[in-house]
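Quick one: structure below, then a few questions.
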2 protein chains.
Amino acid sequence: MTVSFAQIKESTPFVFDQNCGTRVVLDHIMSKWGVLVLSCLSDGTHRWGALRREVDGISEKMLASTLRTLADDGLVHRESLPTVPPHVEYSLTPLGRDLMERMLPLMEWVADHADGMLERG
Amino acid sequence: MTVSFAQIKESTPFVFDQNCGTRVVLDHIMSKWGVLVLSCLSDGTHRWGALRREVDGISEKMLASTLRTLADDGLVHRESLPTVPPHVEYSLTPLGRDLMERMLPLMEWVADHADGMLERG
DNA sequence: CAGCATCCCGGGCGATACTG
DNA sequence: CAGTATCGCCCGGGATGCTG
């Protein structure tokens with residue numbers, strides 16, 4: 001049985017209040033690009049260029065800023081190999097993998113239901 | 001065992017491409033206010049005023065537009081009682097409840113880990 | 001190859017006022 | 001009570017160009 005939203009708020013008072021840290025984390029991981037970058041990395045380590053190609057439509061600026069934010073949050077690990085030309089690899093941290101275990105079922109649901117939802121609108 | 005992101009994309013070609021419907025649905029349900037309104041409604045039927053008070057910080061404009069979007073998507077049911085003064089109730093549709101079954105574990109994770117993530121940043 | 005700096009536009013969103 | 005209407009600001013984010 002999954003927890004209810006009321007139970008979450010009961011066990012953690014003031015959670016989801018306007019100035020609570022949850023709002024910041026939600027903004028990061030549920031952001032337009034954050035979701036897609038995290039999902040992509042859930043398949044394993046990716047290089048910068050691979051992410052740029054896989055996350056369809058993302059600009060370099062947003063890829064850089066999204067990766068930095070997620071790395072600061074401790075969800076993404078950045079590994080820069082001291083080669084020429086540069087070679088940088090991104091992967092999920094254990095915390096990030098833990099998160100994606102909860103997020104992927106949601107992504108699967110969206111993939112399954114999106115078209116049906118929109119054709120009626 | 002949860003599905004991998006690669007498996008999702010394999011079983012549904014072109015899903016999560018830039019012009020795919022999934023991007024629209026993601027924008028709706030993972031939006032700043034959409035997440036919170038849906039979570040609130042997952043606890044049961046709420047009146048307009050109750051939502052306004054419970055979703056801390058939301059403006060009337062954004063509450064109205066968020067509710068309309070989610071209703072158009074078939075996730076939220078709007079019931080207007082013909083009384084004076086007006087009395088309108090919002091609740092999740094079966095589709096909405098199905099979605100929240102996948103989203104609430106994620107919300108619980110965020111509530112549990114948010115503070116720890118931010119104090120290091 | 002993997003970024004950062006700069007410029008700039010559109011619209012998301014908040015504030016305020018008004019209505020059935 | 002449950003909205004709609006209007007105004008205006010801010011900033012997300014795209015485009016372009018430069019660097020180690």
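None of these values were measured; they are calculated from a predicted model. Proteins come first, then strands; the chains are lettered A, B, ... in the order of their sequence lines, and each starts at number 1.
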**Request:** Send over the distance from A/Leu81 CG to C/dA2 P, rounded to a whole Å.
**Result:**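 Rounded to the whole Å, the gap is 10 Å.
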**Asked** Under 4.0 Å: is that the gap between some side-chain N or O of A/Arg68 and OP1 or OP2 of C/dC4?
**Response** yes
**Request:** Round to the nearest Å and state the distance from A/Gln18 atom CD to C/dC13 atom C1'.
**Result:** 13 Å
**Item:** Side chain of B/Glu60 - closest among D/dG3, C/dC4, D/dG20
**Value:** D/dG3
**Asked** Taking CG from A/Leu67 and C1' from C/dG3, how many angstroms apart are they, rounded to a whole number?
**Response**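 Taking atom C1' of C/dG3 as the reference, CG of A/Leu67 is at 11 Å.
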**Prompt:** Under 3.5 Å, side chain of B/Thr66 to main-chain N/O of B/Leu63, donor-acceptor pair present?
**Reply:** no
**Request:** Could you check how far NE2 of A/His46 sits from P of C/dA2, rounded to whole Å?
**Result:**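 My rounded result for the distance is 13 Å.
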**Request:** Give the rounded distance in Å between these two atoms: CD1 of B/Ile58 and P of D/dA2.
**Result:**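 To the nearest whole Å, that distance equals 14 Å.
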**Message:** Base, sugar-phosphate or nothing for A/Arg47? Non-hydrogen atoms, less than 4.0 Å.
**Reply:**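 If one applies the 4.0 Å heavy-atom cut-off, A/Arg47 turns out to touch the sugar-phosphate alone, with no base involved.
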**Stepwise side-chain contact (heavy atoms from CB on, under 4.5 Å) check, B/Trp109 with A/Leu95** = CA-CA 11 Å; B/Trp109 187 93; A/Leu95 189 69; 3.7 Å; yes
**Main-chain N/O of B/Ile8 paired with B/Ser11 side-chain donor or acceptor, under 3.5 Å** = yes
**Request:** Could you please name the option among C/dC4, D/dG13, C/dA2 that lies closest to any side-chain atom of A/Arg78?
**Result:** C/dA2
**Request:** Using whole Å, report how far CD of B/Glu89 lies from P of D/dC1.
**Result:**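 Result: 15 Å.
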**Complete:** Separation of C/dG12 atom P from B/His28 atom NE2, nearest Å, is 10 Å
**Asked** Has A/Trp48 got a side-chain N or O lying under 4.0 Å from the OP1 or OP2 atom of C/dC4?
**Response**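 For A/Trp48, the contact criterion (side-chain N or O under 4.0 Å from OP1 or OP2 of C/dC4) is not met.
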**Message:** To the closest 0.5 Å, what do you measure between NE2 (B/His77) and OH (B/Tyr90)?
**Reply:** 10.5 Å
**Asked** When you match A/Gly57 and B/Lys61 each to their closest nucleotide on DNA chain D, which lands nearer the 5' end?
**Response**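 The residue closer to the strand's 5' end, by nearest nucleotide, is B/Lys61.
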**Message:** Test side-chain contact (heavy atoms from CB on, under 4.5 Å) on A/Arg68 and A/Asp72; report intermediate values, then the result.
**Reply:** CA-CA 6 Å; A/Arg68 197 168 342 106; A/Asp72 286 350; 4.2 Å; yes
**Asked** Can you check whether A/Arg53 has a side-chain N or O nearer than 4.0 Å to OP1 or OP2 of C/dA2?
**Response** no
**Prompt:** Quick one: B/Met62 CE to D/dG3 P, roughly how many Å, whole number?
**Reply:** 15 Å
